[in-house]
Every structure is written in C-alpha cells, then in structure tokens.
Number of protein chains: 2
Amino acid sequence: MTADQLSLTFSALADPTRRAILARLAGGEASVTELAAPFTMTLPAISKHLKVLERAKLISRGRDAQWRPCRLRAEPLQDAEEWIERYRLLWEERFDRLDDYLSEAQARGAKSQEDHHD
Amino acid sequence: MTADQLSLTFSALADPTRRAILARLAGGEASVTELAAPFTMTLPAISKHLKVLERAKLISRGRDAQWRPCRLRAEPLQDAEEWIERYRLLWEERFDRLDDYLSEAQARGAKSQEDHHD
DNA sequence: TGGTTAGTTAACCAATCGGTGAAATGAGTC
DNA sequence: GACTCATTTCACCGATTGGTTAACTAACCA
C-alpha cells in the first residue's frame, strides 16, 4: 500500500535519528559519512534512514565522485506544517468562540445576579 | 524505549486514519462510535488508534455515562509545527543568502564583462 | 593493476504496527 | 437481576521497522 505523501512525511519525521539528519542538513549539504559521524550506529543503518528520507522527498541526493551529497527538500515540510496548522487553528478558534460565549454568559449572569451579593 | 514526545507526535500523525480522527475532532468533541462511523475497520482498531493518540497527548478523554468523549489537545501539534518551521526556515534562509550572492556575483560579472557583448 | 575510500545491497533478527474476532467490562434501562 | 449499548482487553496474525554483519559496487589513487 503505497502510503500517501503526508503519511510518508510524518513517519519519516517520527524517528529522532532522521530528524537529527534533517537538522544537520538545514545547515547545508553533507555526504553520507559526514551525516553518520555523530551516531553510534553502523553505516548501513544510516543508509536506510537516508532512503526513507529520500522516499519521503525530504532529501535529494547528488553525485560528486565517490560521494553522494544529500540536501534538504523543504516542500514536504511545508505541506506537513500546513496540515498541522490548519487543524490546530480550527481547534483554537473553537476556544476563542467558547471564551466569547463564556464572557458574554458571565456578563449576563453578573447582571442578573447583581443583587445577590454572595 | 519510551520515545520522546516529538517522535510520539509525528508517528501518531503518520497514519491517515488517525489524521482523519484529529480532523474530525477539530470540529469538536466526539464519542468513540461517532469517530469510528466513517471507517470500515472494526471498533477495536479505532480504540487502538485512540490509545496511540492519547499516548501522544494529542487527545484527552472524558467520561459521560457509557461514553468516552475525545477532545483534541493542541499543544503537541504546536511543538511539532515549531520543529518543522524552524528547520524549514533555516533551509530557506540559505537559499535567500545564495540568491543574494548570485545576484551580487552576476552584477560583478556583468560589470567585468561589459565590453564582451556575447 | 591493485589498493583505498564511499556507499549500497542482501540476509537476517527482534520489536512494533495495524488489523482481526471473541470475550470482558461498565453504565444506563426494564 | 437480565438486557442492551459503548468501549476495552486479549490472543492472534502478517507486514513493516530499525538495527546488525558480511559481501558487493563504484570511483579515485599510485
């Protein structure tokens, strides 16, 4: 079942190693061994992570002699960000409306109870 | 290996069923059977998805007689969004600086070559 | 040509994931 | 108490994931 793009993006981002790789790449292109350096795991493991990132279109890879430089691709990041923002804002809007309702209700309540003094 | 919060969030978001559930919840609270209605899968499957969302703190659940109403929690969404935005912006900045460099370089080039006419 | 450096592929393993059906729990209703 | 509705737990399944070691490919260097 070839997953949809958004699922590919989020599941690629779900691994801390892959997020660290992307964080590194935000600072500029890097080779596979450069990317692998900070980690204790073996090179094939990193190679697999890079394949996941590539399949998610979060990186693209060039060829420079025996090196395969990786670079970040921001487009899927933007799509993921927009998905999150959309539903987060929808939800926060609800609270704003609720706040409005509550302050109104409180105003009404205060008015109707202003002789109770309890 | 209790995964970090960001990994929990992204892997919860990596499933289209769970994203649809969150999308539904952005419109307001709902019970488990209400959430399950649009899907062909069985109720235990939905129950598992909800547990994943709950563990990721993307939803919280109340109790109303035999119903367990779910509501969206926006905080982890915000954290995830901020992570993405941060690295996306870092990367896009790089292109802006590259653009600056290229236009400067072109300006210099045009100046030094202004007698070539090719 | 042979050696070194960079990276990938293949085969394997344990753990997790996303689903199932069947049984158990929990809370109102007759 | 018995019946029903909402939801969870259990035991299982096949597929995927994240890692390993060992072997392979590809490009440069002497």
Side-chain angles (χ1 to χ4, degrees), chain A residues 1-25 28-72, chain B residues 1-25 28-72:
Chain A
M1 257 303 167
T2 58
D4 58 297
Q5 180 58 51
L6 219 39
S7 298
L8 282 177
T9 306
F10 283 128
S11 69
L13 293 177
D15 185 280
T17 303
R18 286 193 293 264
R19 285 200 306 278
I21 289 176
L22 293 178
R24 165 68 185 76
L25 287 176
E29 237 180 60
S31 74
V32 177
T33 24
E34 279 167 352
L35 290 174
F39 303 101
T40 58
M41 70 187 78
T42 60
L43 221 62
I46 299 292
S47 197
K48 280 191 181 186
H49 282 305
L50 293 177
K51 195 141 62 173
V52 172
L53 289 171
E54 195 176 16
R55 211 167 92 81
K57 296 187 171 55
L58 282 164
I59 64 170
S60 64
R61 334 184 55 175
R63 169 69 83 184
D64 174 11
Q66 64 265 61
W67 294 275
R68 305 291 316 274
C70 300
R71 56 155 27 102
L72 192 55
Chain B
M1 252 305 159
T2 58
D4 58 296
Q5 180 58 51
L6 219 40
S7 298
L8 282 178
T9 306
F10 283 129
S11 69
L13 292 177
D15 184 281
T17 303
R18 287 193 293 262
R19 285 200 306 279
I21 289 175
L22 293 177
R24 164 66 183 77
L25 287 176
E29 240 182 57
S31 74
V32 178
T33 24
E34 279 167 352
L35 290 174
F39 304 102
T40 58
M41 71 187 77
T42 61
L43 223 63
I46 298 292
S47 195
K48 278 193 180 184
H49 281 305
L50 293 177
K51 195 143 63 176
V52 172
L53 290 171
E54 194 176 16
R55 211 168 92 82
K57 297 187 172 54
L58 282 164
I59 64 171
S60 64
R61 333 182 58 176
R63 168 69 83 183
D64 175 10
Q66 63 264 63
W67 293 274
R68 305 291 318 272
C70 301
R71 55 156 24 105
L72 192 55

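Here is how names work: the chains are called A, B, and so on, in the same order as the sequence lines, proteins then strands, and each is numbered from 1.
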Could you give the CZ-to-C1' distance, from B/Phe39 to C/dT20, as a whole number of Å? 17 Å

Can you pull the salt bridge (charged side-chain N to carboxylate O under 4.0 Å, His left out) pairs that have at least one residue in residues 28-39 of chain A, sequence neighbours excluded? A/Glu29-A/Arg71

Give, for atom CG of A/Leu53 and atom CG of A/Leu22, the distance between the pair rounded to the nearest 0.5 Å. 5.0 Å

Are any protein N/O atoms closer than 3.5 Å to N/O atoms in nucleotides 7-9 of chain D? If there are, list each pair with its distance.
{"from": "D/dT7", "atom 1": "OP1", "to": "B/Val32", "atom 2": "N", "distance (Å)": "3.3"}
{"from": "D/dT7", "atom 1": "OP1", "to": "B/Arg68", "atom 2": "N", "distance (Å)": "3.2"}
{"from": "D/dT7", "atom 1": "OP2", "to": "B/Thr33", "atom 2": "N", "distance (Å)": "2.7"}
{"from": "D/dT7", "atom 1": "OP2", "to": "B/Thr33", "atom 2": "OG1", "distance (Å)": "2.4"}
{"from": "D/dT8", "atom 1": "OP1", "to": "B/Arg61", "atom 2": "NH1", "distance (Å)": "3.1"}
{"from": "D/dT8", "atom 1": "OP1", "to": "B/Arg61", "atom 2": "NH2", "distance (Å)": "3.0"}
{"from": "D/dT8", "atom 1": "OP2", "to": "B/Ser47", "atom 2": "OG", "distance (Å)": "2.8"}
{"from": "D/dT9", "atom 1": "OP2", "to": "B/Lys51", "atom 2": "NZ", "distance (Å)": "3.3"}

Axis-to-axis angle between the two ends of the helix from C/dT1-D/dA30 to C/dA27-D/dT4 (five base pairs per end, rounded to 10 degrees): 20°

Testing the basics here: between A/Ile59 and A/Leu50, what is the closest heavy-atom pair and its distance to 0.1 Å? CD1-O, 3.6 Å

Please state how far atom CG in A/Asp64 lies from atom C1' in D/dA27, giving the value in whole angstrom units. 11 Å

Search all heavy atoms of B/Ala30 against all heavy atoms of B/Leu25 and return the closest pair with its distance. N-CD2, 3.8 Å

A/Phe10 CZ to D/dT17 C1', straight-line distance once rounded to whole Å: 19 Å

Whole-Å distance, B/Arg63 CZ to D/dA6 P, equals 14 Å

Select base, sugar-phosphate, or nothing to describe what B/Ala65 touches, counting heavy atoms under 4.0 Å on all strands. sugar-phosphate

Measure the distance from CG on B/Leu53 to P on C/dC17 and round it to the nearest whole Å. 13 Å

Let me have the donor-acceptor pairs involving side chains of residues 12-19 of chain A, under 3.5 Å, with sequence neighbours excluded, atom names and distances please.
{"from": "A/Asp15", "atom 1": "OD1", "to": "A/Thr17", "atom 2": "N", "distance (Å)": "2.8"}
{"from": "A/Asp15", "atom 1": "OD1", "to": "A/Thr17", "atom 2": "OG1", "distance (Å)": "3.4"}
{"from": "A/Asp15", "atom 1": "OD1", "to": "A/Arg18", "atom 2": "N", "distance (Å)": "3.2"}
{"from": "A/Arg18", "atom 1": "NE", "to": "A/Ala12", "atom 2": "O", "distance (Å)": "2.8"}
{"from": "A/Arg18", "atom 1": "NH1", "to": "A/His49", "atom 2": "ND1", "distance (Å)": "3.1"}
{"from": "A/Arg18", "atom 1": "NH2", "to": "A/Ser11", "atom 2": "O", "distance (Å)": "3.0"}
{"from": "A/Arg19", "atom 1": "NH1", "to": "A/Leu13", "atom 2": "O", "distance (Å)": "2.8"}
{"from": "A/Arg19", "atom 1": "NH1", "to": "B/Ser7", "atom 2": "OG", "distance (Å)": "3.1"}
{"from": "A/Arg19", "atom 1": "NH2", "to": "B/Asp4", "atom 2": "OD2", "distance (Å)": "2.7"}
{"from": "A/Arg19", "atom 1": "NH2", "to": "B/Ser7", "atom 2": "OG", "distance (Å)": "3.1"}

Which residues share a side-chain contact (heavy atoms from CB on, under 4.5 Å) with B/Thr33, sequence neighbours left out: B/Ser31, B/Leu43

Any residue meeting side-chain contact (heavy atoms from CB on, under 4.5 Å) with A/Lys57, in chain and number order, not counting sequence neighbours: A/Gln5, A/Pro76

Specify the closest pair of heavy atoms between A/Arg55 and A/Leu8, including all atoms of both residues, with the distance to one decimal. NH2-CD2, 3.4 Å

Exercise: identify the closest heavy-atom pair between B/Arg68 and B/Val32: O-CG2, 4.0 Å

Is the phosphate of D/dG19, meaning OP1 or OP2, less than 4.0 Å from a side-chain N or O of A/His49? yes

Of C/dG19, D/dG18, D/dT20, the nucleotide closest to the side chain of A/Thr42 is D/dT20

Round to a whole Å and report the spacing from CG of A/Leu13 to C1' of D/dG18. 17 Å

